[in-house]
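Shown next, in structure tokens, is the structure this report addresses.
Keep in mind that what you see is a predicted model, and the values were worked out from it rather than measured. Throughout, protein chains are lettered first and strands after them, A, B, ... in sequence-line order, and every chain is numbered starting at 1.
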There are 2 protein chains.
Amino acid sequence: MTKRTYICGLDAAIAVMGGKWKGLILFSLGEEGLLRFGELRRAVPGISERMLILQLRELEASGLVHREVHHQVPPKVEYSLTEFGSSLNTALAPLGEWGEEHMERIEAIP
Amino acid sequence: MTKRTYICGLDAAIAVMGGKWKGLILFSLGEEGLLRFGELRRAVPGISERMLILQLRELEASGLVHREVHHQVPPKVEYSLTEFGSSLNTALAPLGEWGEEHMERIEAIP
DNA sequence: ACTCCTACTGACAAAAGTGTGGGTACCGAA
DNA sequence: TTCGGTACCCACACTTTTGTCAGTAGGAGT
């Protein structure tokens, strides 16, 4: 009877990792472990600086990603998955495998 | 000529089930098996008729959903998952469980 | 003094996604 | 004759998302 804002777990999950980029960012961080901004940018081909920053801010606010600033010049900021983010990444893995498996068919769609 | 290839499986998967509704539609069809338009509409609270139609058309074009028209009056159209859609639904399950498990935390985010 | 480097920030605009309110078709029941 | 019921379609407007381009800070190297 708890008043839920989301209609099911999938709905909630999509709300936090939805959009075109968040899944890929999580995936990259899951693979590499610790990445600085520029590295992350290269790890997610096609994303603009602005988009990466916006998405990272949201992921940080959601508690999925940890941001560590090293006070240096030039600046150095490192991103990594939190426990929470890591658990989401694990849940995302089968979806990635599915996409990998059916890549050709998916590419043939548009 | 937009010859785009996806950068990884997750990218491809997100391309076909991305957006706010497709995951939920697939999920509902996975649960219920066979639903007519009006039933599906009720199964996905908050979606508008227009959105449901648009999303169903895309899912159909992607080969994830099967559409069967019964020539009757009043009209009767039934939707169901294809094998392909069913496999995606399976891959989506862990994500749904993750969301279910962390529902409270997710709801506390905005 | 000048430029390079990195991680940002902000203004603006285009594109994509979404909602609203209307309409269509058909048949049978009232 | 009018109405109810179902599954749509269309035009328009609005909102959210995404992209583009410029600019900032401050120490280090030349």
Restricting both atoms to N or O, compile the protein contacts to nucleotides 20-30 of chain D shorter than 3.5 Å, with distance only.
{"from": "dT20(D)", "atom 1": "O4", "to": "R50(A)", "atom 2": "NE", "distance (Å)": "3.4"}

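Within a heavy-atom distance below 4.0 Å of DNA chain C, the residues of residues 26-42 of chain A found are R36(A), F37(A), G38(A).
Mapped onto DNA chain D by nearest heavy atom, K76(B) and G46(A) fall at different nucleotides, with K76(B) at the one closer to the 5' end. Take the nearest nucleotide of DNA chain D for G19(A) and for R57(B): the residue whose nucleotide is more 5' is R57(B).
Within the structure, ring-ring contact (aromatic ring centres under 6.0 Å, His included) pairs that include any residue of residues 20-55 of chain A do not occur (at least two apart or interchain).
Bounding nucleotides for the chain A contact on DNA chain C, 5' to 3', at a heavy-atom distance below 4.0 Å, are dC5(C) to dA11(C).
Every salt bridge (charged side-chain N to carboxylate O under 4.0 Å, His left out) that R41(B) has, sequence neighbours left out, goes to E49(B). Evaluation of the side chain to side chain donor-acceptor pair (under 3.5 Å) rule for R57(A) yields no partner, not counting sequence neighbours. Every residue was checked against the side chain to side chain donor-acceptor pair (under 3.5 Å) condition with R50(A), not counting sequence neighbours, and none meets it. Legend: residues meeting side chain to side chain contact (heavy atoms under 4.5 Å, CB included) with A43(A), ordered by chain and number and at least two apart, are S28(A), L35(A). Take T90(A) and apply the side chain to side chain contact (heavy atoms under 4.5 Å, CB included) test, not counting sequence neighbours, and it matches no residue. In this structure H70(A) satisfies the side chain to side chain donor-acceptor pair (under 3.5 Å) test together with E78(A), sequence neighbours excluded. S87(B) is linked by a side chain to side chain donor-acceptor pair (under 3.5 Å) to W98(A), counting only residues two or more places apart in sequence or in another chain.
Rounding to whole angstrom units, CD1 of residue I25(A) and P of dT18(D) are separated by 10 Å. Rounded to whole angstrom, the span from the CD atom of Q72(B) across to the P atom of dC8(D) amounts to 13 Å. Rounded to an integer number of Å, the gap from I47(A) CD1 to dT18(D) P is 9 Å. Residue I14(B) contributes atom CD1, which lies 11 Å from atom P of dT18(D) at whole-angstrom precision.
In this structure a side-chain-to-backbone donor-acceptor pair under 3.5 Å is missing from E107(A) to E104(A). The main-chain N or O of I7(B) is found under 3.5 Å from a side-chain atom of D11(B) such that the two form a donor-acceptor pair. Looking at S86(A), its side chain never comes within 3.5 Å of a backbone N or O of T82(A) through a donor-acceptor pair.
Outside the 6.0 Å centre-distance limit, the rings of Y79(B) and H66(B) are not counted as a close aromatic pair.
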Do S80(B) and E68(B) pass the side-chain hydrogen bond (donor to acceptor under 3.5 Å, both in side chains) test, and can you show the C-alpha distance, the side-chain angles, and the key distance before you say yes or no? CA-CA 8 Å; S80(B) 57; E68(B) 186 145 14; over 6 Å; no
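A rotation axis mapping the C1' atoms of four pairs onto the next four is fitted at both ends of the helix from dA1(C)-dT30(D) to dA30(C)-dT1(D) over five pairs, and the angle between these axes is 30° to 10 degrees.
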